[in-house]
A.B. asks: 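Below you will find the structure I want to go over with you.
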Number of protein chains: 2
Amino acid sequence: MVATDPKAGRKFIYRFDEGNAQMRDLLGGKGANLCEMASLGLPVPPGFVITTKTCKAYYENGHHVPDGLWDEVRAHLREVEEAIGKGFGDPANPLLVSVRSGAKMSMPGMMDSVLNLGLNDATTDGFAKLTDDRRFALDSYRRFIQLFSKVALSVSSEPFEQVLSEIKKREGAESDADLDVPALEEVVKRFKEIANERSEVPFPMDPWKQLKMAVTAVFRSWNSARAIAYRDYHGIPHDLYTAANVMAMVFGNSGWDSGTGVCFTRSPSTGEAALYGEYLSNAQGEDVVSGARTPKPIAALQDDDPAIYEELSGIARKLEQHYNDAQDIEFTVEHGKLYMLQTRSAKRNAIAAVRMAVEMAGEGLIDKETALQRVPANDLTQLLLPRFDEDAKSKAEEDKRLLGRGLNASPGAATGIVVFKSADVAKAIENGNDVILVRPETSPDDMPGILQAVAVLTSRGGITSHAAVVTRGLGKPAVVGCSDVFVDPEHHEMSADGTIVKEGDVISVDGFTGEVFVGQIDTVDPDVGSNTHLTQLLDWANETKRLGIRANADTPPDAQQALDFGAQGIGLCRTEHMFFHPERLPHVREMLMHARDYYRIEQEIEALRTELEQADREARADIEAKLRETESTLENSEGAKAFRSALDKLAEYQQADFRDILRVMDGKPVVIRLLDAPLHEFLPPTEELIEAVATLRATNENAAELAEKEDLLRQAQALKEQNPMMGHRGCRLGLSYPGVYEMQVRAIVRAAIDLVNEGLDPRPEVMIPLVMDTSELQALNPRLQAVAAEYASAVQTDARPGAPGRSIPFGTMIELPRAALTADRIAPEVRFFSFGSNDLTQMTFGFSRDDAEEKFLSEYVDRGILAANPFANLDEEGVGQLIRIAVEKGKRANSELELGLCGEHGGDPQSIDFCHRAGLSYVSCSPMRIPIARLAAAQAALGSSAQGGGRPAERDV
Amino acid sequence: MVATDPKAGRKFIYRFDEGNAQMRDLLGGKGANLCEMASLGLPVPPGFVITTKTCKAYYENGHHVPDGLWDEVRAHLREVEEAIGKGFGDPANPLLVSVRSGAKMSMPGMMDSVLNLGLNDATTDGFAKLTDDRRFALDSYRRFIQLFSKVALSVSSEPFEQVLSEIKKREGAESDADLDVPALEEVVKRFKEIANERSEVPFPMDPWKQLKMAVTAVFRSWNSARAIAYRDYHGIPHDLYTAANVMAMVFGNSGWDSGTGVCFTRSPSTGEAALYGEYLSNAQGEDVVSGARTPKPIAALQDDDPAIYEELSGIARKLEQHYNDAQDIEFTVEHGKLYMLQTRSAKRNAIAAVRMAVEMAGEGLIDKETALQRVPANDLTQLLLPRFDEDAKSKAEEDKRLLGRGLNASPGAATGIVVFKSADVAKAIENGNDVILVRPETSPDDMPGILQAVAVLTSRGGITSHAAVVTRGLGKPAVVGCSDVFVDPEHHEMSADGTIVKEGDVISVDGFTGEVFVGQIDTVDPDVGSNTHLTQLLDWANETKRLGIRANADTPPDAQQALDFGAQGIGLCRTEHMFFHPERLPHVREMLMHARDYYRIEQEIEALRTELEQADREARADIEAKLRETESTLENSEGAKAFRSALDKLAEYQQADFRDILRVMDGKPVVIRLLDAPLHEFLPPTEELIEAVATLRATNENAAELAEKEDLLRQAQALKEQNPMMGHRGCRLGLSYPGVYEMQVRAIVRAAIDLVNEGLDPRPEVMIPLVMDTSELQALNPRLQAVAAEYASAVQTDARPGAPGRSIPFGTMIELPRAALTADRIAPEVRFFSFGSNDLTQMTFGFSRDDAEEKFLSEYVDRGILAANPFANLDEEGVGQLIRIAVEKGKRANSELELGLCGEHGGDPQSIDFCHRAGLSYVSCSPMRIPIARLAAAQAALGSSAQGGGRPAERDV
């Protein structure tokens, strides 16, 4: 047993004016803040803090407080009595105190507190006289008995509540406030009986005993089951311990010269710099909460009691200047004297956070760097998506149209008609409806429906479920795991608590809050450009950040949006999406059908040429003849012609695609990734075809359709792979079918030449995907760069500084572990690396993203086997280690190498922080997340970790 | 232009007695060896070497030989004239010479040589008189004209051959040897005309001019197209250049006191230490080759010319002692004088290599270390597999039963009846036949057939095709890519050059040579134990190697074979193979059907227990009731019962499985890997089910079967994954369905206890697969180790040194990049790492092994994008880098950590060498490859690289 050293560190208690905000370790968050206010000379009711060390000693001494503690408490209590002029246990003028828990870290609701301590039969009488309100005194007494019994005597609240409702029923009282004095007298009597019956020790009438029991109960509550579970869950150490704050009670209900209120130093919803909150005269906090009386807006205090209002305003200013942040404060006025009961950093929504940060910087309260760190980057989402009109939503709630609450999986707000099967979405849309897809849960089969719907609602699944991940990727609102509703797709309806919603009914889904409403709710569109505060903040972010921010964008509208949001280029333009266009798919299939044969013949020609080179003079004739014949086959066979013609057709489309995007991004880099999709994605799913063929065969009816389906099936099966994610895709395709990549590079070159001829400044870059070794680039680049050379010879050198000149830079994705590990050999072949963090995560973990989330990944996150979904937050330990290896090796081998990241992590603040620390030069993310990425990059540059940084320091509540 | 320094390095030429074997850079391989023999005092015909530097200078001087070269040649030629007593160009006594190319590296057939140089009209007459054989002189002359014209004058052989066959036809001569002197006179005349007509310069009659032109032609042949292509392919530098060897011709056909022969100092097929070869009196090498006369065995020379035989034997001994290796020598006797024309390391088969190495070590010629390095480890395969009886095979060839030749993809020899569809194999086997599966190519769908067949033949596919890889893994013979045969599975037949083989016909497949025969050929089984030389060599390997060698074995027979071959334990016992047993599959499916529900309920119980802990005293009753109810569901529901009963059934099987293997491996470690297979592998393929269901639905006939198939399809689809390789398998399953792993560990424990009770010493170890983070082990190990603790409490501590004591060691596979990268955090949780190099290769490259070989990997290897198939030879640069990282981090975090490798690379000498260098403690491979691994491990310990080491140093030919 470790006893507290009897000499050193024997100070168990700090008066409020002895401590300060820095002493959170010793005094806990709440205690430290009370001390800070006291030290600032603000009117805090007198009191003291029993230190966390004392609590620690309590546990180390086998649940005994250290010797001498109570003497010290007694001495400090005497000082409180003197300061406030009341006596603890004095029936004539009783001092009442609160005993509150408070650890270094906020653990809201996890530990215990006791109010109105000091009340017993005698002091209640005295208190009644003093306040001239017996009803209030009795009410305070019965509340104290119940709370004390629960906290210190382990008596459940249940029997107290039963007695209370029994008497209320008898008296015909609707609320507690309707009970009169005799009724309350009975309540108090019965409560004391319950406490004495149910507890192992009698309810203490001695205030001093009450205090000792309350303090040790607070200490014990540190190790309650729920507190331990909470700390385990949040990773809070178990050896911090709690302080116990003892403070004189002050009463805002002491008459009409008293009152109580809560206010923010700035509006938590708009950020406007004015006191914002409410107050109630002759009242306690409880009266505000109970709703018995309606509080007034704080502004009214200006007329009601100008002196108090002025004092309060001054304190608010002082606190803001002291804490350099907006505060959420509680105050009480007792007989015209203002007391501050609490101050803490004000919670705020994103709009308010932005405005507060910018305006406080304008006022000189904080500098720009601090302003940038004040807004959690992810919260900007709230400013970028349509939201439900708040009034419309309140109204809907009043009208009982709230159907249920689920997980706010993907932000945004949408209204539409309900459709229960993905296959039915298209038809509903044809009829001109916005559709909300409602499913028990979604699977990859639901993708077509999800793509067409405006929002998704599921009754099952967590925050990493298929629906959640997919919709976040698409930027559409989703509520998942809404277990309040029962979804029955077979009968095309869902129900929640008696309400039935049928297919075609209108609902509204709030992806910010997880709420689902019946009927329509009006939305308001964000107008980012007109938000001058946001514009200002993001301008500061641009001055501060070192990472470039580019967008993942495949279409001109996406590119335009990215530009509007401040993208400095396109970091990933995916070309396979262009291939999926229904108009082009037939050409893609035509091309695929003939590609293998085409390149088999081409290889024969290659072999014949080599043979010819080495042949004797006389043998040449034969070989030459065969060569000519084979060349002619490649030139004239139907298959070869079809192959070339399909490629030509695709080239036209691609040239137009690239021209449009490059025009939008004039003067900015556009990194175009060559085809990466597994080929079978361009054919109908094998399983569908098997089913169709089997059915057609069995019914033996439509021979033509059967033949067609059989043909497609043959192709699909030839292209099918066991594990397509690790299959024949990316540069592996480019090597098998060189014409495809050549066509793409040619389309890029021609698009760029078109624009140069228009006087524009296109800056395309070519990116090769899925490289595992430098040899792949060595095999591909010569042919492709020969095509790209057409550009050099067609355009003039651009003399503008920083202009890309006449060559189109070639780079590669680093998305396979082997590429990262051999980056030193790859780097000399390219001008840039772009980390494909999605695939790199898949390969490093051996997780198939298409499967993992559904099968086990959510479970892994739920059980804490993984701290986070590595597809959402870049796994610094594993994937990040590979990125660091590649950065180090790549830079060593090619000091000019440009380094970027273009996985989905490019829009995640925590991952952006890593990219900054790893020394990348840019990240690329979806257009919607550009503002978030800009702010996150600035925060990274300021060295605030993405976890803590960008959020106001948390304080005890 | 860089001219040769006129002073330094001006020595263009070395006499044979001036150089030695170490001067390969300067003199080329052939020249250096001739010098070496001359320096040893052996009778080499006089001659000299024009250095590679001279050739280099030739190129650097724009195809001009350096000044002074010809003077030096002339001086050396004079020395040759003196030594041999003939005159170059002297019609009375002409000296003839050969001019041969010879680079540092052997490039057989790629460069040019000229023989009989010095012949012209005049010297041919003199030569005829001298040899008293005008026919022979004319024949030599016409051969010289043709060869010189080709090499030095770029005249094709075609017109010469035409003239020759025209005259042969006219004369009625069957072979060249049938032409008489007048006919040959005409041939010579016509040959000279052709040479003069077709060449740009006249055919030179001046021997000196001949010599100069021959030397420069040899120099030029270094940069012929085919030589350049050859060097590119073999990675030979282009700046080595060739020497030109000028040597006096000697003639074994100078009379009956002359002759020529070729012999090995030891038998290249058995290794027996005796001269082995043949000779022919009064003949040149050509006479032996042409088959006109039959040579005698070398032993006969002992009677024919005892003096020469004795001299030759002495030289052979001297050469062996000098080179410390068996030699392949060429000699000529001219008028009773023996000349050595060549010596080189003797090629040998594996049987001979082993015997030679062991016996030479016994004789003290080499030490044991050298003996170990003399045998290419992979070649031991030849000693370990059944082979066709050589006589039987020769007979089959004579009988024209050779059907075709393909790629020798997997060694071994087998005879069986032909079956063309995998589905038909089982039936043929039931009828008591050995089956050879013949397919155009195989896919994973053919696995059942391949598993049951004794050998596989395909007409398509390369050495890394599906059939090749799978059969090598299974140790069954296979010939793939046998394009000589056309396979027509639809008509159940194949054909080759008119021969038709139908289903049920017998064929024989030689996986060593790639030959396919019609009908049966007797095989001979290897008897490894009785090969005392091999046993000796492997004993030496055990003394030398530092790596432990374990086996991948899942059955008692496999374990026994491994033990017979010297395995020191089992490094990988796969448990999923045990689950696939048809008798057990129903239980596995039953278990799967209920597992998800079972664990959902178990989790509910867990949640209720937590809730209960934190609940108020009063709330407990409700929660307790719900808990009891849920516990009862888990106890009594049909599904839960079925789940537990299926597990129990499997536990029984597994306990017996483990007991049998542990019994065989008594006293040796057996690493048992817990279940790793993706679950859907235990159900029929989804596509098959879809087809069946669609057909049944369309035909609307068998409702019961439809219901059954639909049920299976539902299950299969629930378990289906897009990329199963990266899916819900390994420890991910163990975490989802903890009962499965617990059942397996319990079965291991009980099996071990059974054996301890029998007085045996079982040493099971438990291995967790597919770990990506230490948290997975932290979640799994407590439950599993609690089960394992049963062992500790059941058995006595074993006091024998090195005994495993009472605990069962737990370890993990390192087979995901992330596991390797975070090995420092994983290591403290385990006793051992075992690198799963197959999966690690898949993830590091992003290659799906099931797909890659067929789709693009063979192409990658063919085109040199990959130097080797990384699934065959461990990729040291990428995968090896991860292994080294894991070794370093793992050892740092846990110095007691044991490190092994159990992928297929464990049987590959090159990969074994890496494992040795990376500091692993053992490798584990298929039982068949244990001897190879032992030898390779010894070679690794001796520091010979697996590429070059273990092979006799290559010499110029």
Side-chain angles (χ1 to χ4, degrees), chain A residues 154 156-158 224-226 229 444 610 613-614 616-618 686-687 690-691 694-695 697-699 721-728 732 735-736 770 772-773 775-776 779 816-818 821-822 839 842-848 850-852 855-856 859 863-866 875 877-879 881-882, chain B residues 154 156-158 225-226 229 444 610 613-614 616-619 686-687 690-691 694-695 697-699 721-728 732 735-736 770 772-773 775-776 779 816-818 821-822 839 842-848 850-852 855-856 859 863-866 875 877-879 881-882:
Chain A
S154 294
S156 147
S157 299
E158 197 83 10
S224 70
R226 58 186 181 163
T610 310
E613 232 171 63
Q614 300 174 17
D616 282 336
R617 204 181 295 178
E618 310 291 313
T686 320
E687 301 195 343
I690 289 175
E691 193 176 348
T695 307
R697 273 188 192 149
T699 55
E721 296 176 296
Q722 304 285 313
N723 300 284
M725 193 56 73
M726 313 164 81
H728 196 195
R732 298 165 193 175
L735 281 157
S736 296
L770 215 70
M772 62 90 203
D773 193 281
S775 60
E776 291 171 316
L816 296 173
R818 197 173 187 283
L821 293 164
T822 63
D839 271 11
Q842 293 200 97
M843 300 302 162
T844 305
F845 279 86
F847 286 171
S848 161
D850 291 337
D851 307 310
K855 300 279 181 185
F856 61 86
E859 196 189 329
R863 294 172 64 178
I865 292 171
L866 279 170
D875 161 53
E877 194 175 2
V879 177
Q881 194 176 149
L882 283 176
Chain B
S154 294
S156 149
S157 298
E158 198 82 10
R226 59 185 181 165
T610 310
E613 235 172 59
Q614 299 174 16
D616 282 334
R617 206 181 294 175
E618 311 292 313
T686 320
E687 302 195 343
I690 288 175
E691 192 176 349
T695 306
R697 274 187 192 152
T699 54
E721 295 176 298
Q722 303 285 314
N723 299 286
M725 192 56 73
M726 312 163 81
H728 197 195
R732 299 165 193 176
L735 281 157
S736 297
L770 215 68
M772 61 91 203
D773 192 280
S775 60
E776 291 171 315
L816 296 174
R818 197 173 188 282
L821 293 164
T822 62
D839 271 11
Q842 293 199 100
M843 300 302 162
T844 306
F845 279 87
F847 285 171
S848 161
D850 291 337
D851 307 309
K855 301 278 179 185
F856 62 87
E859 197 189 329
R863 293 171 65 177
I865 292 172
L866 278 170
D875 161 52
E877 194 174 1
V879 178
Q881 195 176 149
L882 282 176

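Chain letters run A, B, ... following the sequence lines, proteins first and then strands; every chain starts at 1. Side-chain atoms are counted along with the backbone in the values below, which use heavy atoms only and exclude waters and symmetry mates.
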A.B. asks: What part of Gln881(B) gets within 4.5 angstrom of chain A, counting heavy atoms only: side chain, backbone, both, or neither?
C.D. replies: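 When you check distances to chain A, only side chain atoms of Gln881(B) fall under 4.5 Å.
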A.B. asks: Quick check: closest heavy atoms across Thr699(A) and Ala698(B), and the distance to 0.1 Å?
C.D. replies: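 Smallest interatomic distance, heavy atoms only, reads CG2-CB, 3.8 Å.
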A.B. asks: Between Ser775(B) and Ile865(A), which heavy-atom pair has the shortest distance, and what is it?
C.D. replies: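 Smallest heavy-atom distance, with atoms named: OG-O, 2.6 Å.
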A.B. asks: Of all of Gly878(B), Ala852(B), Gly846(B), Pro724(B), which one pairs up most often with chain A through heavy atoms under 4.5 Å apart?
C.D. replies: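 Among Gly878(B), Ala852(B), Gly846(B), Pro724(B), the one with the most close pairs to chain A is Gly846(B).
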A.B. asks: Compare all side-chain heavy atoms of Met843(B) with those of Met726(A) and state whether any distance is below 4.5 angstrom.
C.D. replies: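 Sidechains of Met726(A) and Met843(B): in contact.
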A.B. asks: Can you tell me how far CG of Asp875(B) sits from OG1 of Thr822(A), rounded to the nearest 0.5 angstrom?
C.D. replies: 8.5 Å
A.B. asks: Just so I know, are the side chains of Arg732(B) and Phe847(A) near enough to count as touching, which here means a heavy-atom distance under 4.5 Å?
C.D. replies: yes
A.B. asks: Can a donor-acceptor pair be found, under 3.5 Å and without considering hydrogens, that links the side chain of Asn723(B) to the backbone of Met725(A)?
C.D. replies: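 A pair under 3.5 Å: yes.
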A.B. asks: Would you say Leu882(A) and Leu821(B) make side-chain contact, with heavy atoms under 4.5 Å?
C.D. replies: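 Sidechains of Leu821(B) and Leu882(A): in contact.
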A.B. asks: Find the one option among Ser736(A), Ala779(A), Ser224(A), Gly864(A) whose heavy-atom pairs under 4.5 Å with chain B are most numerous.
C.D. replies: Ser736(A)
A.B. asks: For Leu735(B), is it the side chain, the backbone, both or neither that has a heavy atom under 4.5 Å from a heavy atom of chain A?
C.D. replies: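 When you check distances to chain A, atoms from both the backbone and side chain of Leu735(B) fall under 4.5 Å.
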A.B. asks: Top residue by heavy-atom pair count (under 4.5 Å) with chain A, among Glu691(B), Lys855(B), Glu776(B)?
C.D. replies: Lys855(B)
A.B. asks: Please report the C-alpha distance between Glu877(A) and Arg818(B) in whole Å, then the side-chain angles of each, then the deciding distance to 0.1 Å, and finally whether the side chain to side chain contact (heavy atoms under 4.5 Å, CB included) criterion is met.
C.D. replies: CA-CA 8 Å; Glu877(A) 194 175 2; Arg818(B) 197 173 188 282; 3.7 Å; yes
